Amino acid sequence: MIDIKDVEHVAKLARLALSEEEKQKFVKQLNSILEYMNELNEVDTSNVAPMEHSIKITNVMREDTVVVDFSREELLNNAPEEEDGFFRVPKIN
Amino acid sequence: MKEILKKTAVEQRKALLNKEISAVELTNAAFERIEEVESKIEAFNCLTKEVAIKTAKKVDEKIAKGEELPLLAGIPLALKDNMNLIGYPTTASSKILENFVSPFNATVTEKLLHNLVPIIGKANLDEFAMGSSTENSAFKKTKNPWDLNKVPGGSSGGSAACVAACESTLSLGSDTGGSIRLPGSFCGIVGMKPTYGRVSRYGLIAFASSLDQIGPFARCVEDAAMLLEVISGVDPKDSTSLNTPVEKYSTMLKDDIKGLKVGVIKELTGEGVAEDVQKAMQNAINTYKSLGAEIHEISLPYLKYSIGVYYIIATAEASSNLARFDGVKYGYRTKDAKNLMEMYTKTRAEGFGAEVKRRIMLGTYALSSGYYDAYYKKAQQLRALIKADFDKAFEKIDILISPTCPNTAFELGSKTEDPLAMYLTDIATISANLAGIPGISVPAGFDSSGMPIGLQILAPQLGEVKLFNASYKFEQANDFYTKISSI
């Protein structure tokens, strides 16, 4: 069972500010979903290798050459705030 | 509505070549239709008329010069609004991307423009493709053209509804756990999810990278096969795209299926499946028998764990993929944050909707220290067992069939308060994403209230030719696909 402290911890990891009401709701909903997921424990998987991908994936190599896909200006057009060609953010503390 | 809009892409192409209609006229007819019904359907987040007309004009120039037309040239198409088209918004139906304007084209967009396919708009979806009803959109609730009180399915609900309402002839969706096949089924059209890696994901906003795949919606199997042909292929910008030649699916539909081994998935028949859906399944089995196919019952014992496995893997991958929406580089940013941390947490709290937050929370929990082995690793192990079930089945049979969904479309608002009930609508579709195999939903009948039923067909990885062939034969032996909603 997860409680409100768990929800607060996970919300911090996920960088989500939650209202008290949301926290209460998530405790309830996440518990009911996790309870459903606990069914997976019926199956003994101790000898099964975890599968990351459904297809065989190998490294794809290419020449290490510089390709300019976007101009700085184009990308900064979507920035919430910019200054002198950089993204501007609030101070860290 | 102009009659031509009810036709398939194959028929529309003939009309273009015979000069019965110009590409500009056809595109304009689609926009007139949108004007007529869009206030009821609400399938589009934005229209992209300028690029559509510009493309249609190029098609008309080619026709006038007697030049050969690329596949699907001049046929109106809608993009799900999680795929990028230069100069237009790509919102993923999220407030956090409301003001984002694409500085680049997705690879599928490039391919469509290269083939001169007029892109008419960006279709609504569940926010970040998370949902089964399109009700999780931050902007609007798309309605099912067969009954405006019902959902179109999701997450590609706008893409499905606009084709079903004849606003567009074709569309693209993305399918992570059934997001093409489910709305295809609910809206009575063809919806197809290709083999993982068949279509480049470059320029598709990532939800769960090991499961996401772009695929076609169309009014018939032949149109869907053509569209897949156009968008498939290896891409240097997506290292998971498959370096395998693309077959000419649309020219390989008509093979005899005598002796084809069809497996009926035991776990998706009988109990839990609505009576009318069971009847439609029986009709599908009878159709295949009459076409000379062999019917076998196939059990997939680990299938029942697929929803649990999926909602761990998909949410874990999503929590990582959605970390990039932090208010720094693009999209929404909260006002007046005191410091950087507050900017992050408030931006994300205000920018994401309830379902997206729920999934980020679930995925972050599943990946967090102390729980990784119990959830994420466990899910990956079960994923291997689910795939092994399919591998074993495909040693004996050619294709698998089941209902696309145990029920037909449900009422708007009926499942929004119960996330688990919503997740359970994906029971039949999710396993194909876990196994990376192709799947399709083909119109297979109607329930007693006139709502469409879909037949799901699954094939082994890269078995698209077999999949389309078996779908086409079923479709042509029935007439369900010719029925169009009366809206």
Side-chain angles (χ1 to χ4, degrees), chain A residues 2 6-7 9-19 22 25-26 29-30 32-62 69-71 73-82 87-93, chain B residues 99-101 103-104 195-197 210 236 239-240 242 302 305 307-309 311-312 319 323 326-333 337-346 348-349 352 357-358 360-362 364-365 368 375 377-385 387 419-420 423 434-437 461:
Chain A
I2 59 173
D6 296 318
V7 164
H9 172 64
V10 174
K12 194 180 164 204
L13 293 175
R15 302 289 185 265
L16 279 171
L18 299 182
S19 67
E22 277 178 308
K25 205 170 168 181
F26 278 144
Q29 289 178 337
L30 295 182
S32 97
I33 296 168
L34 289 170
E35 192 186 24
Y36 178 80
M37 286 170 175
N38 284 334
E39 277 187 13
L40 306 191
N41 294 324
E42 295 168 13
V43 185
D44 176 11
T45 51
S46 44
N47 294 317
V48 183
M51 185 173 105
E52 275 102 20
H53 272 280
S54 57
I55 55 167
K56 280 200 182 75
I57 298 220
T58 48
N59 285 334
V60 180
M61 311 299 271
R62 60 165 169 79
D69 277 330
F70 304 102
S71 70
E73 203 179 40
E74 267 178 302
L75 293 188
L76 285 169
N77 279 340
N78 272 308
E81 217 181 319
E82 55 129 345
F87 296 113
R88 190 187 155 93
V89 294
K91 63 180 179 174
I92 289 172
N93 276 305
Chain B
N99 299 316
F100 176 75
V101 178
F104 71 112
T195 301
Y196 181 81
S210 80
S239 61
T240 61
L242 295 169
Y302 290 105
Y305 301 107
I307 291 187
V309 170
Y311 278 95
I312 292 169
S319 72
D326 58 4
V328 175
K329 301 176 293 298
Y330 41 73
Y332 175 81
R333 177 190 287 188
K338 287 195 291 290
N339 56 44
L340 191 62
M341 183 60 113
E342 191 183 295
M343 194 279 280
Y344 290 150
T345 59
K346 281 193 170 173
R348 290 163 63 79
F352 290 136
K357 285 184 203 173
R358 187 155 44 239
I360 290 174
M361 291 290 289
L362 199 55
T364 306
Y365 179 74
S368 67
Y375 290 104
K377 191 177 162 203
K378 183 82 189 178
Q380 285 187 314
Q381 288 169 318
L382 269 150
R383 184 177 182 182
L385 294 176
K387 177 156 189 297
L420 199 52
Y423 297 174
L434 295 171
I437 59 174
Q461 289 188 358

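Each chain gets a letter, A, B and so on, in the order the sequences are listed, and its residues count up from 1. Just so it is clear, the model here is predicted, and its values are computed rather than measured.
Side-chain N/O atoms of B:R383 and B:S210 include a donor and acceptor closer than 3.5 Å.
The number of heavy-atom neighbours closer than 6.0 Å to OH of B:Y302, taken from other residues, nucleotides and ligands shown, is 12 or below. Within a 6.0 Å radius of CG in A:D69, other residues, nucleotides and ligands contribute more than 12 heavy atoms.
Heavy atoms of B:Y311 lying under 4.5 Å from chain A belong to its backbone as well as its side chain. Of the atoms belonging to A:V60, it is side-chain heavy atoms, and not backbone ones, that fall under 4.5 Å from chain B. Within the 4.5 angstrom heavy-atom criterion, no atom of A:N59 approaches chain B. For A:E52, the parts sitting under 4.5 Å from any heavy atom of chain B are the backbone and the side chain alike. Contact annotation for A:K25: only side-chain heavy atoms (C-beta onward) come within less than 4.5 Å of a heavy atom of chain B. Contact annotation for A:I2: only side-chain heavy atoms (C-beta onward) come within less than 4.5 Å of a heavy atom of chain B. Of the two parts of A:L40, the backbone and the side chain both hold a non-hydrogen atom closer than 4.5 Å to a non-hydrogen atom of chain B. Proximity to chain A (any heavy atom under 4.5 Å) is restricted, for B:M343, to the side chain, taken from C-beta onward. Neither the backbone nor the side chain of B:D326 comes within contact range of chain A, judged by heavy atoms closer than 4.5 Å. Both the backbone and the side chain of A:A11 come within less than 4.5 Å of a heavy atom of chain B. Residue B:L434 touches chain A through its backbone alone, counting heavy-atom pairs closer than 4.5 Å.
Chosen from B:K378, B:K387, B:Q461, B:K338, the residue pairing most often with chain A at heavy-atom distances under 4.5 Å is B:K378. Of the listed residues B:I307, B:L242, B:I360, the one with more heavy-atom pairs under 4.5 angstrom with chain A than any other is B:I307. For the options B:K346, B:K357, B:E342, heavy-atom pairs under 4.5 Å to chain A are most numerous at B:K357. Highest contact tally toward chain B, considering only A:E39, A:K12, A:E42, is held by A:E42 [criterion: heavy-atom pairs under 4.5 Å].
Judged purely by atom type and a 3.5 angstrom limit, B:R348 uses its side chain to pair as donor or acceptor with the backbone of A:A14. Between the side chain of A:S19 and the backbone N or O of A:E22, at least one donor-acceptor pair lies under 3.5 Å.
The two atoms that bring A:N78 and B:N99 nearest to each other are OD1-O, 3.8 Å, heavy atoms only. A:L16 and B:A349 get closest at one heavy-atom pair: CD2-N, 4.1 Å. Here the closest non-hydrogen pair linking A:F70 and B:P103 is CE2-O, 3.5 Å.
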